[in-house]
Amino acid sequence: MKKTNTLIICTILLISGYSAYPESFSIGNEDDWKGTGLYNLETTAGRGGFQDLIIKTTELSPDDQTDLLLPFNSNARKDRTGHYRILENPDYNQEFIKTGSGSATFFSGKKMLLLPEEGALLSAHTNWEDFTMEFWLYPANPREGEQILQWKGLGRFESHIYSQTVQCHFLNRKLVWSFDNFFQLPGSPFSHYEISGDPLLPREWHHHMLRYNSGTGMLEYLIDGKPSAILYTTESGNESHTVYTPKIGEEPGALKIGENLTGFMDEFRISTAFIENRSLNRFYKSGYGLSAIQDLKYPDSQLKSLKLVKNTPGYTEIFPYYFITNNRLEAEQVYSDFHGEETILGAASKWKSFDEMEEESRGRFLILSFLLYPDLKTDRTPYLSSIDIEYTPSLPPLPPSRLRIHRSDSGSVTLNWNASPSSEVMGYLVFYGEKPGEYIYPGSPLDVGNAQTVEIAGLSPFKQYFFAIKSYNAGELPQYSDFSEEKTIRP
C-alpha cells in the first residue's frame, strides 16, 4: 500500500510540474546584456562569441573651459561646443582608435576645415588669456610638409595690414609649433615664436599638448604628459612682467587640420585654461551596471549561488552585489535609487556582496549590480562575460486529494479530504458557491486551519452547491495551491 501511495504522489508531482530542484539562468551570454543598465561601460567581442562588458575608453566632454572639441567619432557639421562650423570632414575609422569610438583618418590630401563662429577663440577681435591645445596623433611616417594644424588671419595696426599664422607641422621628425604675430604687446602686433619637441617614431600613438600661462608668458609643449620644450613669450625670453599675449585680428581665416598628413588623429581640443593635469589613460574612470528586476516567480525563492564569469587582468577589479525581496514596489524603489559606488557605500545600503550571500537569501524579485574598476598603472579594463544565477523556487503547495462530501440529517454538509502531499502546508481553505467554478457565497472561503474535515451549516435545502479546497503554506507571503477536484451536492 505504501508503494502505491508513493507512486501516486510522484506521478502527481511530475504531472503538475512541481519540483524542489534548483533552477538557473544567466545575464550576459545569449541575451547580450539587453535590459541591463550600463554606466560608463560598453560591450566588446568576448568569450564564446558573445559580448563582454568593459569600461568605456576615456572620451573628453565639453565644459565651460572648452572652446573646440573634436572627438572624431563620426561626421559632424559642428564641433561639440558649437563654436566652429565644419566645412570639410576627413574620413573616420571605428576600428583603429585611441579613445572614444572612432578616429580621424588623413591620407591623399584629406583634411578638416573649420570656420569659427561668433564667440569662438579664433573669431575676430578676440583677446586670449590662458589656453591649451591638445590631441592624440598616430603618424604613418612623419615627413616634412605634413601639417597637423594651420590657421591664418589678417589684422590691422594703425595703417598697416599684417598677417597672422599659427602652425603645427613636421620638421626632422619633430612637431614644430610656430606663431607669427599671434602673441602681441599693446603697442606692437609683431612677433615670432617657435617651439618644438622630441623626435617622434612612426606608427605610434602619442598625446601632444601645448599650454600657455598668460600671467608668466610660459608656453610649454608636452608629449605624453611629459615636458618636451618650454619658452616665454616675453621681450627677454625669460619669465618677466612684459608678456606678449594672443590676440586675433579683424579677419580670421578657417582652421585647417591634417592637411597633407598621413595617419590618424583623435580627441582634438582647445581649452580656455592652462590644463594642469590630464589623464592619458584609455581607461580612467570606473563604471557600473544594473540588471533589470529579475522575477523568480515565487515568493521566498532561495538563492543558491551567484557567480561571475570574468577576466580581471593586472589590478583591475569587479565588485558584484545583489538585492532580493518579495515586495515588487521595494524592488522598484531600490532599482531607481541605485547610483553605483555612492549607493553601495551609503550608510543605509540594502545591497549585499556576492561573497556575503546568506543561506536564507530569499525573495521573488532579484536585482544584480556590479562595479568595474580599471588598472590605472597598466591602463587595462576588466572583462565581464556573464553572471550565473542558481536558485530554488519556493513553489506553492499541491492541493489536497480525494475530496469527499455527504449531507447530514440536520441539513448541513460534511467535507473531508486527504492531506496535501506537499511539506510545510499550514492549512486549508474551503471554497463553495452556487455555480461550478464560482465559489461566491457568504462565508466562502472558510479557513479551517490544518483540519481535514469540516461541517458547513446554513445552506438552503434542495439547492445545488459546488465545493473545492485549496492548501496554503507558511511564509512572509503565504502561497496557495490550485483548487482540488470539485464536488457538488444538494443539502
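These values consider heavy atoms only, across backbone and side chains, with no hydrogens, waters or symmetry-generated copies.
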Sub-3.5 Å donor-acceptor pair from the side chain of Ser361 to the main-chain atoms of Met357, do we have one? no
Does the pair Arg85/Glu117 count as a salt bridge with the N-to-O cut at 4.0 Å? yes
Please walk me through it: do Thr99 and Glu267 pass side chain to side chain donor-acceptor pair (under 3.5 Å)? CA-CA 7 Å; Thr99 66; Glu267 297 288 341; 3.1 Å; yes
No-hydrogen, no-angle side-chain donor-acceptor test under 3.5 Å, Thr132 and Arg211: no
Over 12 foreign heavy atoms within 6.0 Å of CD, Glu424: no
If we ignore angles and hydrogens, is there a donor and acceptor under 3.5 Å between the side chains of Glu356 and Tyr321? no
Reported OG1-to-OH distance for the pair Thr316 and Tyr383, which is rounded to 0.5 angstrom: 9.0 Å
Side chains of Asp224 and His206 only: does a donor on one sit below 3.5 Å from an acceptor on the other? yes
If you measure only the distance, is there a donor-acceptor pair under 3.5 Å linking the side chains of Asn141 and Arg173? yes
Closest heavy-atom pair and its distance - Ser369, Phe338: CB-CZ, 3.5 Å
Before giving the answer on salt bridge (charged side-chain N to carboxylate O under 4.0 Å, His left out), spell out for Lys174 and Asp198 the whole-Å C-alpha distance, their side-chain angles and the decisive distance to 0.1 Å. CA-CA 6 Å; Lys174 298 180 180 181; Asp198 300 322; over 6 Å; no
Heavy-atom closest pair (Leu175 atom, Ile148 atom, distance to 0.1 Å) is CD2-CG1, 3.5 Å
Check the pair Leu384 / Leu308 against side-chain contact (heavy atoms from CB on, under 4.5 Å), numbers first and verdict last. CA-CA 7 Å; Leu384 178 57; Leu308 297 184; 3.9 Å; yes
Would you indicate whether the side-chain heavy atoms of Gln294 and Phe365 approach each other to under 4.5 Å? no
Return yes when atom CD of Glu118 has more than 12 non-hydrogen atoms of other residues, nucleotides or ligands closer than 6.0 Å, and no otherwise. no
Is there a side-chain contact between Ile248 and Leu121 (heavy atoms, below 4.5 Å)? no
Grab the two heavy atoms, one from Ile230 and one from Met218, that are nearest each other, plus how far apart they are. CD1-SD, 3.3 Å
So for atom CZ, which belongs to Phe107, do other residues, nucleotides or ligands contribute more than 12 heavy atoms lying within a distance under 6.0 Å? yes
Which of Tyr373, Phe370, Phe354 passes side-chain contact (heavy atoms from CB on, under 4.5 Å) with Phe319? Answer is Tyr373
No-hydrogen, no-angle side-chain donor-acceptor test under 3.5 Å, Thr81 and Asp79: yes
Could you tell me whether Trp128 and Tyr212 have their ring centroids closer than 6.0 angstrom? no
Apply side-chain contact (heavy atoms from CB on, under 4.5 Å) to the pair Tyr298 and Gln479, showing each step before the final yes or no. CA-CA 8 Å; Tyr298 301 104; Gln479 293 176 278; 3.5 Å; yes
Tell me if a side-chain donor or acceptor on Asp379 pairs with a main-chain N or O of Arg282 at a distance below 3.5 Å. yes
In Å and rounded to the nearest 0.5 Å, what is the OG1 to CD1 distance from Thr381 to Ile318? 8.0 Å
Taking the side chain as every heavy atom from C-beta outward, state whether Leu70 and Ile86 have any atom pair closer than 4.5 Å. yes
Salt bridge (charged side-chain N to carboxylate O under 4.0 Å, His left out), that's the test. Do Lys256 and Glu88 meet it? Break it down for me. CA-CA 9 Å; Lys256 296 179 183 179; Glu88 190 173 335; over 6 Å; no
Salt bridge check, Arg156 against Glu251: does any charged N sit closer than 4.0 Å to a carboxylate O? no
Does the side chain of Glu239 pick up a donor-acceptor pair with the side chain of Thr216 at under 3.5 Å? no
Report the C-alpha distance between Trp351 and Val334 in whole Å, list the side-chain angles of each, state the deciding distance to 0.1 Å, and finish with yes or no for side-chain contact (heavy atoms from CB on, under 4.5 Å). CA-CA 9 Å; Trp351 293 86; Val334 168; 3.6 Å; yes
Looking at Asp266 and Ser103, would you say the former's side chain and the latter's main chain have a donor-acceptor pair under 3.5 Å? no
Between Ser271 (side chain only) and Ala273 (backbone N and O only), is there a donor and an acceptor less than 3.5 Å apart? no
Grab the two heavy atoms, one from Leu231 and one from Ile195, that are nearest each other, plus how far apart they are. CD2-CB, 3.7 Å
Is it true that a side-chain atom of Glu146 and a backbone atom of Arg143 form a donor plus acceptor pair closer than 3.5 Å? yes
Give the ring-plane orientation class for Phe135 versus Phe268, where under 30° counts as parallel, over 60° as perpendicular and anything between as tilted. parallel
Between Arg278 and Glu134, is the closest basic N to carboxylate O distance under 4.0 Å? yes
For Thr66 and Leu68, indicate whether the former's side chain and the latter's backbone hold a donor-acceptor pair under 3.5 Å. no
I'd like to know if Arg269 and Asp63 make a salt bridge, using a cut-off of under 4.0 Å between side-chain N and carboxylate O. yes
Should the pair Trp205 and Phe96 be assigned to parallel (<30°), tilted (30 to 60°) or perpendicular (>60°) ring geometry? parallel
Spacing of CG belonging to Asn93 relative to OG1 belonging to Thr105, to within rounding of 0.5 Å: 4.5 Å
Just by distance, do the side chain of Ser386 and the backbone of Asp388 share a donor-acceptor pair under 3.5 Å? no
Would you check if there is a donor-acceptor pair between the side chains of Glu59 and Asn73 at a distance under 3.5 Å? yes
Looking only at heavy atoms, what is the nearest atom pair of Gln94 and Ser101, with distance? CG-O, 3.3 Å
Are a donor atom and an acceptor atom from the side chains of His208 and Tyr221 found within less than 3.5 Å of each other? yes
Can you find a side-chain donor-acceptor pair between Tyr193 and Asp180 that sits under 3.5 Å? no
For Gln147, is there any backbone N or O sitting under 3.5 Å from a side-chain donor or acceptor partner on Gln150? no
Note, Tyr391 side chain near Pro393 side chain (heavy atom, < 4.5 Å): yes
Looking at Arg47 and Asp52, is any side-chain nitrogen of the basic one under 4.0 Å from a carboxylate oxygen of the acidic one? no
Testing the basics here: between Leu171 and Val176, what is the closest heavy-atom pair and its distance to 0.1 Å? CB-CG2, 3.8 Å
Residue pair Asp130 / Ser214, side-chain donor-acceptor N/O under 3.5 Å: yes
If we only count heavy atoms from C-beta on, is the Tyr232 to Val243 side-chain gap below 4.5 Å? no
Is the side chain of Arg364 donor-acceptor paired with the backbone N or O of Pro299 at a distance under 3.5 Å, no angle test? no
Check whether any side-chain heavy atom of Phe50 sits under 4.5 Å from a side-chain heavy atom of Glu30, and report yes or no. yes
Do Leu398 and Ser481 come within less than 4.5 Å of each other through their side chains, counting heavy atoms only? no
Check: Tyr39 ring centre within less than 6.0 Å of Tyr288 ring centre: yes
Tell me whether Gln184 contacts the main-chain N or O of Tyr244 through its side chain, where contact means a donor paired with an acceptor under 3.5 Å. no
side-chain contact (heavy atoms from CB on, under 4.5 Å), that's the test. Do Ile293 and Leu366 meet it? Break it down for me. CA-CA 6 Å; Ile293 299 174; Leu366 173 68; over 6 Å; no
So do the side chains of Met112 and Phe72 get within less than 4.5 Å of each other, counting heavy atoms only? yes
